Every structure is written in structure tokens, then in C-alpha cells.
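Please read the structure below before turning to the comments.
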Protein chains: 2
Amino acid sequence: MALGAPTSADRATSALRDLIFDGELPAGSDHLESELARRLGMSRTPIREAALRLAAQGLIELRPRKGVRILPLAPRDMREIYEVLTELESLAAARAARAGHPPQALAGLAAAIDDMDRALNAGDRLAWAEADDRFHVELVRLGGNARIVSIAAMMSDQVRRARRVTLFMRPPPVRSNDDHRAVLDAIARGDADAAQRLHHAHRSHASKMLTALLETHRLKRV
Amino acid sequence: MALGAPTSADRATSALRDLIFDGELPAGSDHLESELARRLGMSRTPIREAALRLAAQGLIELRPRKGVRILPLAPRDMREIYEVLTELESLAAARAARAGHPPQALAGLAAAIDDMDRALNAGDRLAWAEADDRFHVELVRLGGNARIVSIAAMMSDQVRRARRVTLFMRPPPVRSNDDHRAVLDAIARGDADAAQRLHHAHRSHASKMLTALLETHRLKRV
DNA sequence: GTATTGCTTAATGCATACGTTAATTGAGTC
DNA sequence: GACTCAATTAACGTATGCATTAAGCAATAC
């Protein structure tokens with residue numbers, strides 16, 4: 001299938017996403033549509049469309065005459081988001097276990113785990129975070145529920161900035177991969193209950209750690 | 001706080017929602033932006049904005065040169081959506097129980113239950129469905145997680161048409177209120193575990209019944 | 001009869017123009 | 001100096017025009 005050339009609105013959407021994730025549009029800052037249009041070299045129309053999409057994803061807010069506001073994350077938001085992620089990802093883990101995927105279908109998970117190990121040994125936290133993200137995306141994909149896939153992606157995007165911030169404050173995630181392996185194991189042997197329980201505990205733990213971290217560092221909004 | 005006059009895009013959004021829910025724009029049908037614009041008496045711009053919003057909510061799909069397509073629901077979609085609803089609503093129930101709401105905060109739930117009873121006795125299924133909806137919305141609201149609130153609303157909207165169809169095919173929901181009462185009870189006495197378990201069972205059961213109903217009636221897409 | 005090519009049509013995606021109106025500034029008053 | 005109110009500004013929401021280009025169709029070749 002040929003994928004038509006991306007429209008200006010598409011380019012605006014990913015450009016804005018990048019600007020937000022890279023912190024060039026800081027949390028809490030306001031930006032006029034016309035300013036963004038100038039910055040991205042296009043008219044307000046595709047910018048507006050991109051803004052609407054990102055607003056629907058919970059990344060920004062459109063406030064008339066104030067411009068688009070990059071939504072900051074309070075610890076409360078973190079808790080909310082991780083609660084959803086914890087629940088839906090564990091469900092996906094259970095479903096993945098029940099689906100009886102052949103071993104080669106689980107190769108993506110195994111690869112992500114290996115990459116995390118490698119990154120940890122190399123002390124490369126950014127690479128670790130990328131592989132960790134990949135593990136969770138792949139896990140949810142194996143769950144086979146398209147709604148969960150897109151909701152999880154949305155929630156992950158909402159906490160992306162915060163995760164980036166905590167990445168270098170948190171202790172090295174040396175035990176995290178034990179959890180990942182245990183989940184993969186449970187899925188491989190078709191133990192849905194264990195997969196769900198293990199992943200739930202894993203996410204719960206990470207969630208508590210991260211929100212505690214933000215609160216300790218008095219980061220009211222990230 | 002004054003809520004400014006609704007914009008044309010706002011009106012278009014709710015108008016389109018109504019048209020979809022009332023079946024005037026049937027599932028699977030295509031509609032050109034210009035056609036909708038004429039129909040609602042405005043230009044394409046606000047129509048487009050409304051379409052983008054509804055697309056983000058999973059109600060329609062924008063296909064270049066084909067117009068907006070009203071997304072039909074296959075039994076598989078029903079399962080996916082109810083899976084999400086089951087999990088997130090049960091979580092909300094648990095959280096509501098843990099929140100220790102004062103009795104008067106649970107009045108909305110109780111009222112919805114009473115209304116369902118009344119509607120059942122009167123044989124008014126539409127009124128029952130409305131009250132049932134209200135119960136679930138209120139339950140989720142009491143859970144206190146804004147993300148869950150909006151995700152649940154989104155999922156409910158996606159199955160709204162299908163629920164309307166099954167409403168008159170299903171057996172009268174006479175036992176349903178027993179479940180609701182049990183959940184309310186568990187929340188009132190702060191038993192988070194029971195609330196979660198009971199509501200999970202309730203939604204699971206409803207989900208199985210509805211999807212089975214659609215499949216029995218060979219309704220591939222609603 | 002089937003496939004290929006070129007043409008026609010028209011829906012979209014984007015740019016642009018403009019009216020409305022919220023926010024701001026400044027003068028004037030107490 | 002603090003406050004009120006009017007005038008100004010400019011950002012948004014909407015309408016409109018247009019270039020692009022996909023889809024449909026007809027004509028032609030095989």
C-alpha cells in the first residue's frame with residue numbers, strides 16, 4: 001500500500017510533538033497559533049489542525065487569545081496516568097498470555113529486554129528508556145486490543161516529559177528487567193494470571209517510585 | 001465563570017454526535033464535508049474541526065475524497081471496548097470505595113438505581129438505559145481520576161449505537177440492579193476489593209451478553 | 001472482452017481575508 | 001495612588017478561493 005505524502009498538518013503534528021518532548025516548548029508555556037505557523041513555515045490552518053489533534057491527546061490545551069498551552073504535569077496527573085497504564089497494560093499482559101502466541105511472536109519483547117540489559121551495562125539511560133518504552137508498547141500490542149494500544153500510547157505520551165526528567169534522578173533500574181523477564185515468562189507459558197499480577201506489581205512499583213521522586217524534588221509541574 | 005457562547009465548531013460537534021447517535025448518519029455511511037456543511041448551515045471550516053474532534057473520539061474516520069465515514073462496530077470492537085470499560089470502571093469503583101465519600105456524595109448513584117427500578121416497572125427501556133448510563137458515569141466520576149472519566153466517556157460513546165440496538169433485543173435487565181446495589185453498598189462501606197470485584201463481574205457479564213446477542217442476530221456491524 | 005491510457009471532475013488541504021471580541025492601555029476621576 | 005471606563009489592538013473563529021490530485025470514466029489498443 002502506498003502511503004501518500006504526509007500533509008502539512010501531519011508534519012505540523014509531529015513537529016509540535018517533537019518540540020514538546022524535547023522541551024523546546026516548555027511545560028506551561030503559551031504559544032500563539034500565528035507564532036507556531038511562522039516557526040513551522042506554514043499557514044495557521046494546518047497548525048490549528050495539529051493543535052486540535054494534540055489537544056485531543058491531552059498534550060496541549062487551546063485557550064482563545066492565549067494561544068496553545070503546553071500542559072504541565074502535576075504529581076496528581078502522574079498518578080492518574082499510571083493508574084490507567086497499570087490497569088490496561090496488565091490486562092494486555094493477561095490477554096497476551098491467553099492468546100498463546102508462538103515463541104517467535106515474543107521475540108520483540110525478548111529483544112527489548114536484552115537491549116535494556118545492554119544499555120544498563122553501558123550506563124546509557126536514554127537507550128534504556130527507549131528499550132523500556134519498546135517493551136511496554138510491544139506488550140500492549142501482543143494483547144491484541146486496539147483500543148488499549150491507542151490509549152496506552154496516549155498516556156505514555158502524556159508522561160513522556162516527566163519520565164525524561166526522572167530518568168536521571170532515579171536509581172539505576174537494575175531490578176526492572178527481572179520484572180520484565182518474569183512477565184515475558186508468564187506470557188510464554190500461557191499463565192495469564194501470573195502475567196497480569198506480575199505486570200501490575202511492576203507498574204505499580206514504578207509509579208510509586210516516580211511520583212515520590214517528583215514530590216521529593218518539589219517538582220510541582222513538569 | 002461565564003461560559004462563552006458555543007462556537008460553530010461546538011454546535012457542529014454536538015449536532016454530528018446527535019445525527020450519529022440517532023442513526024440519521026448510519027454506521028458505515030460516507031458524508032462529504034461540503035454536504036455536512038450545507039446540512040448544518042455553516043462553512044466547511046467548523047465542520048472539519050468537528051470531524052477532527054469526533055475522529056479523535058473514535059466515532060468517525062476521515063478518508064480523503066471519500067468524506068467522513070461513520071465507523072461501524074463489529075462484535076470484536078464491542079469486546080475491545082467493554083474490556084476497557086470493565087477494567088477502568090472497576091478500578092474507579094475501588095477508588096471510590098477507598099475515597100471514603102460521605103453518604104450524600106453517593107446520592108447520585110442511589111438515585112440512578114431508583115430510576116432504573118422505576119423505569120423497569122414502567123417497562124420503559126429507554127429511561128432505564130438513560131439511568132444506567134448515569135449510574136456508570138457517576139461511578140466513574142466518584143473514582144476521582146479525570147483520565148478514566150474521559151476514557152470511559154469515549155468508550156461509552158463508541159458503543160452507544162450498539163447498546164441502543166440491543167436494548168430491545170435483550171431480556172429485561174431485572175437482575176442488573178442487584179449488581180448496582182451491591183456495588184453501591186461496597187463503596188458505601190469502603191470495601192474497595194468487593195466494589196472492584198463486583199463491578200468487574202457486572203460489566204463482564206453484560207459484555208458477554210451483548211456481544212453474544214449481536215453475534216446471534218448476525219449483526220456484523222452496527 | 002479485457003486492459004491501458006488519458007481526460008474530466010470534484011473533494012480536499014491549505015492559504016488568505018475579515019469580522020468579532022477579549023485583553024490591554026491610557027486618560028480621566030475620585 | 002487606586003479605580004473606572006473608553007479606545008485600541010490583535011488573536012481567534014469562520015468563510016472563501018484555489019491549486020492539487022485522486023477517483024471515475026471513456027476511448028483506444030490488444
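In the text below, chain A, chain B and the rest are named by the order of the sequence lines, each starting its count at 1. These figures come from a predicted structure and were not determined experimentally.
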Please give, in whole Å, the distance from D:dC12 P to A:Arg69 CZ?
-> 15 Å
Please give, in whole Å, the distance from C:dA23 P to A:Arg63 CZ?
-> 10 Å
What integer distance in Å separates A:Leu52:CG from D:dC12:C1'?
-> 12 Å
Between B:Glu49 and B:Arg53, is there a side-chain N and carboxylate O pair less than 4.0 Å apart?
-> yes
Taking distance alone, no hydrogens or angles, what donor-acceptor pairs closer than 3.5 Å link side-chain atoms of residues 58-75 of chain B to residues at least two apart or in another chain?
| from | atom 1 | to | atom 2 | distance (Å) |
| --- | --- | --- | --- | --- |
| B:Arg63 | NH2 | B:Asp30 | OD1 | 3.2 |
| B:Arg63 | NH2 | B:Asp30 | OD2 | 3.1 |
| B:Arg69 | NH1 | B:Gly28 | O | 3.2 |

What string of B, S and - do you get for nucleotides 5-10 of chain D 5' to 3' if you count protein non-hydrogen atoms under 4.0 Å?
-> -----B
Position toward the 5' end of DNA chain C (nearest nucleotide), B:Lys66 or A:Pro64 | B:Lys66
Take B:His31 and A:Pro46, find for each the nucleotide of DNA chain C with the closest heavy atom, and name the residue whose nucleotide sits nearer the 5' end.
-> B:His31
Expressed in angstrom and rounded to an integer, what is the separation of B:Ile47 atom CD1 from C:dT12 atom C1'?
-> 15 Å
Toward the 5' end of DNA chain D, by each residue's nearest nucleotide, A:Gly67 or A:Thr45 = A:Gly67
Does a side-chain N-to-carboxylate-O contact under 4.0 Å join A:Asp132 and A:Arg163?
-> no
Atom CG of B:Asp30 to atom P of C:dA11: distance rounded to whole Å?
-> 12 Å
Ion pair check, B:Arg76 and B:Glu80, cut-off under 4.0 Å = yes
salt_bridge(B:Glu33, B:Arg38) N-O dist < 4.0 Å = no
Round to the nearest Å and state the distance from A:Leu62 atom CG to D:dA11 atom P.
-> 15 Å
Short side-chain N/O contact to C:dC14 OP1/OP2 from A:Thr7, under 4.0 Å | yes
Which of B:Ile151, B:Asn145, B:Val149 passes side chain to side chain contact (heavy atoms under 4.5 Å, CB included) with B:Val140? Answer is B:Val149
Using a cut-off of strictly less than 4.0 Å, decide whether A:Ser43 has a side-chain nitrogen or oxygen near OP1 or OP2 of C:dA15.
-> yes
Within the 6.0 Å centroid threshold, strictly below: A:His180 and A:His136 | yes
base_contact_polar (C:dA11 base, B:Ser34 side chain, donor-acceptor, <3.5 Å) | no
Quickly work out the B:Met42 CE to D:dT16 P distance and round it to whole Å.
-> 13 Å
Measure the distance from CZ on B:Arg38 to P on D:dT16 and round it to the nearest whole Å.
-> 15 Å
